[in-house]
Number of protein chains: 2
Amino acid sequence: MDEGLRERKKRETRQRIADMAMGLFLARGFDDVTVAEVARAADVSVNTVFNYFGTKEDLFLDRQSEAEDVPSRVVREREPGESVVTAFRHDFLEAIDQGDWRYGLNEGADAFARLVFESPALLARMREMDHAINGNLAATIAEETGAGPGDLTPQFVAGQILGATRLLARHALWRRQAGDSWQRIRPELREQAEALFDLLEKGIGDYGRRPLVQAAQHGGAAEDHEHEHVEGDHG
Amino acid sequence: MDEGLRERKKRETRQRIADMAMGLFLARGFDDVTVAEVARAADVSVNTVFNYFGTKEDLFLDRQSEAEDVPSRVVREREPGESVVTAFRHDFLEAIDQGDWRYGLNEGADAFARLVFESPALLARMREMDHAINGNLAATIAEETGAGPGDLTPQFVAGQILGATRLLARHALWRRQAGDSWQRIRPELREQAEALFDLLEKGIGDYGRRPLVQAAQHGGAAEDHEHEHVEGDHG
DNA sequence: ATCAATATTGCAGTCACTCTAAAATTTGGT
DNA sequence: ACCAAATTTTAGAGTGACTGCAATATTGAT
């Protein structure tokens, strides 16, 4: 045994605190539970709680932050011939079918999401995590593609892709919140994912192009001149 | 006079508080200034400060939040024949030359930025603002293009574009922070902007495509075949 | 001047979080 | 089993943002 009594007790105490906290949060919402209550429930002092968790939010996100470099793995383990985007496309589509927790597509994710959406503090923390994840993925992409330090492309690409997957995941959660079953959501989500990944790959250059004619501008027929004049005056 | 004494005094008090706050923040950093100090400097009680500003962060972002629907205007006022992306391309490139405050490209923006980057609280608030701006722009785009309520494309496009402009703006600020002059930054920023907008328009489908050769796939040496064979076989 | 509306203030309190010093507990050596 | 050092836990006091309430000061209209 390389784990003494001391280590075990610490691990147990930490776990007890986290478990009690999660129970209270799920029952009454994040903001309506005080750290003092968590401490009482775990039978420790408030100071001990802060000894293990730096902030109240950490009580909730304990293990969540482990997922901070998950997207990097998708890039690193992409198959030969696969671009970064297609790697994520395949990963995400698989995730839909398997109810992958990495994108919040698993069964119990909605209870979790409800809690987050109701708490400004947790929302802020989630955005912070998103930011960190963006940075991680950008670094990995830069590394994989050998981009120079002044090159903004890795950060750009990371942001674009994660923006898309987050949007899709959030949309699914939102539909779940509204009462739809995963069964009903899945096929639509697949379509939407395909559509957004197509846009990622092929670009949004033509999106929302305003018609060149102005006669009957917002009369009724808006579907003429779809690809009329793609200008390319940029360097 | 449609403004009585009462109204004027309120306006003046509010302004005095905001000014004093900004002065203290710029001098000593956001986190190292207490609301009580701001109150003392403005010669009012702490309660009066909270009477005008809901949170400490509001003291800093007072007028900033006015800019929440600025991007929407770019879309609405785009010229005939212009897509959403090209509208932003032109707007941003103009902004670079004119040192536009809307993108934080004006002369005094770096002092501001330093303050924000050093304060976790302000960073969180900025991200919150970004989120709101995203939502606004998405709504405008949906409106302009007549997208249905279930269509994720407007949100997607809004996120992609704002992600790009924010990245560019942040990069410029970061270089400013490092001591470069706007004069030196401007031309490079233009190039980077052109590059990212090109990617927005044409897509990132081929970015980071891994070579198809497989010989020493995951043996020991990890640095084989960097850019070997880029081919376009997607479809 | 006086009254009603409202702006400002003082005060007490909550909650997250910090710091410090005093227990309580575990560990290693004898 | 016992002691001493290391470490964990705790109590207690304090800070700072923010809330709620009741008292007070100021303004607007008569």
Between the protein and nucleotides 3-6 of chain D, are there any N/O to N/O pairs under 3.5 Å, and if so, what are the atom names and distances?
none

Between the first and last five pairs of the helix from C/dA1-D/dT30 to C/dT30-D/dA1, the angle of the axes, rounded to 10 degrees
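The end axes of the helix from C/dA1-D/dT30 to C/dT30-D/dA1 are about 0° apart, to the nearest 10°.
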Residues A/Arg11, A/Glu7: salt bridge by 4.0 Å N-O rule:
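No, no charged N to carboxylate O under 4.0 Å.
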Does a salt bridge link B/Lys9 with B/Glu12, judged by any charged N lying under 4.0 Å from a carboxylate O?
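A salt bridge is absent here (no side-chain N lies under 4.0 Å from a carboxylate O).
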What salt bridge (Lys or Arg N to Asp or Glu O under 4.0 Å) pairs are there with at least one residue in residues 139-152 of chain B, not counting sequence neighbours?
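For residues 139-152 of chain B, and leaving out neighbouring residues, the salt bridge (Lys or Arg N to Asp or Glu O under 4.0 Å) pairs sorted by first residue read A/Arg210-B/Glu144, B/Arg78-B/Glu144.
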Hey, could you give me each pair passing salt bridge (Lys or Arg N to Asp or Glu O under 4.0 Å) that has a residue in residues 162-172 of chain A? Not counting sequence neighbours.
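Residue pairs passing salt bridge (Lys or Arg N to Asp or Glu O under 4.0 Å), neighbours aside: A/Asp130-A/Arg166.
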Could you give all pairs that pass the side-chain hydrogen bond (donor to acceptor under 3.5 Å, both in side chains) test and reach residues 116-125 of chain A, with sequence neighbours left out?
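Residue pairs passing side-chain hydrogen bond (donor to acceptor under 3.5 Å, both in side chains), neighbours aside: A/Asp31-A/Ser119, A/Thr55-A/Arg125, A/Asp58-A/Arg125.
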Can you pull the side-chain hydrogen bond (donor to acceptor under 3.5 Å, both in side chains) pairs that have at least one residue in residues 14-30 of chain A, sequence neighbours excluded?
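As it turns out, the side-chain hydrogen bond (donor to acceptor under 3.5 Å, both in side chains) pairs with a partner in residues 14-30 of chain A, which skip direct neighbours, are A/Arg14-A/Asp62, A/Gln15-A/Asp19, A/Arg28-A/Glu37.
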Name every residue in residues 25-39 of chain A that has at least one heavy atom under 4.0 Å from any atom of DNA chain D, in order of residue number, or write none if there are no such residues.
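None, since no heavy atom is under 4.0 Å.
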Short of 4.0 Å, heavy atom to strand atom, which residues of residues 40-53 of chain B count as contacting DNA chain D?
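Residues of residues 40-53 of chain B under 4.0 Å from DNA chain D: B/Asn47, B/Phe50.
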Below 4.0 angstrom from OP1 or OP2 of C/dA7, is there any side-chain N or O of B/Lys10?
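Looking at the OP1 and OP2 atoms of C/dA7, one of them is under 4.0 Å from a side-chain N or O of B/Lys10.
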With a 4.5 Å limit on heavy-atom distance, are the side chains of A/Gln160 and A/Leu200 in contact?
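Side-chain contact under 4.5 Å: yes.
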Should B/Phe197 and B/Thr165 count as side-chain neighbours, where that means a heavy-atom distance under 4.5 Å?
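Of all side-chain heavy-atom pairs linking B/Thr165 with B/Phe197, at least one is under 4.5 Å.
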Please name all residues satisfying ring pair (Phe, Tyr, Trp, His ring centres under 6.0 Å) with B/Tyr52, sequence neighbours left out, ordered by chain then number.
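Partners of B/Tyr52 by the ring pair (Phe, Tyr, Trp, His ring centres under 6.0 Å) criterion come out as none, since no residue qualifies.
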List the residues meeting ring pair (Phe, Tyr, Trp, His ring centres under 6.0 Å) with A/Phe88, not counting sequence neighbours, and say none if there are none.
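If we apply the ring pair (Phe, Tyr, Trp, His ring centres under 6.0 Å) test to A/Phe88, skipping adjacent residues, there are no hits.
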From C/dT25, D/dT27, D/dT9, pick the nucleotide closest to the side chain of B/Lys9?
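Among the listed nucleotides, the one closest to the side chain of B/Lys9 is D/dT27.
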Kindly write out the residues that satisfy side-chain contact (heavy atoms from CB on, under 4.5 Å) with B/Asp32, not counting sequence neighbours, or none if the list is empty.
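In terms of side-chain contact (heavy atoms from CB on, under 4.5 Å), with neighbours along the sequence ignored, B/Asp32 is linked to no residue.
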Could you list the residues that satisfy salt bridge (charged side-chain N to carboxylate O under 4.0 Å, His left out) with A/Glu191, not counting sequence neighbours?
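Scan of A/Glu191 (salt bridge (charged side-chain N to carboxylate O under 4.0 Å, His left out), adjacent residues dropped) gives none.
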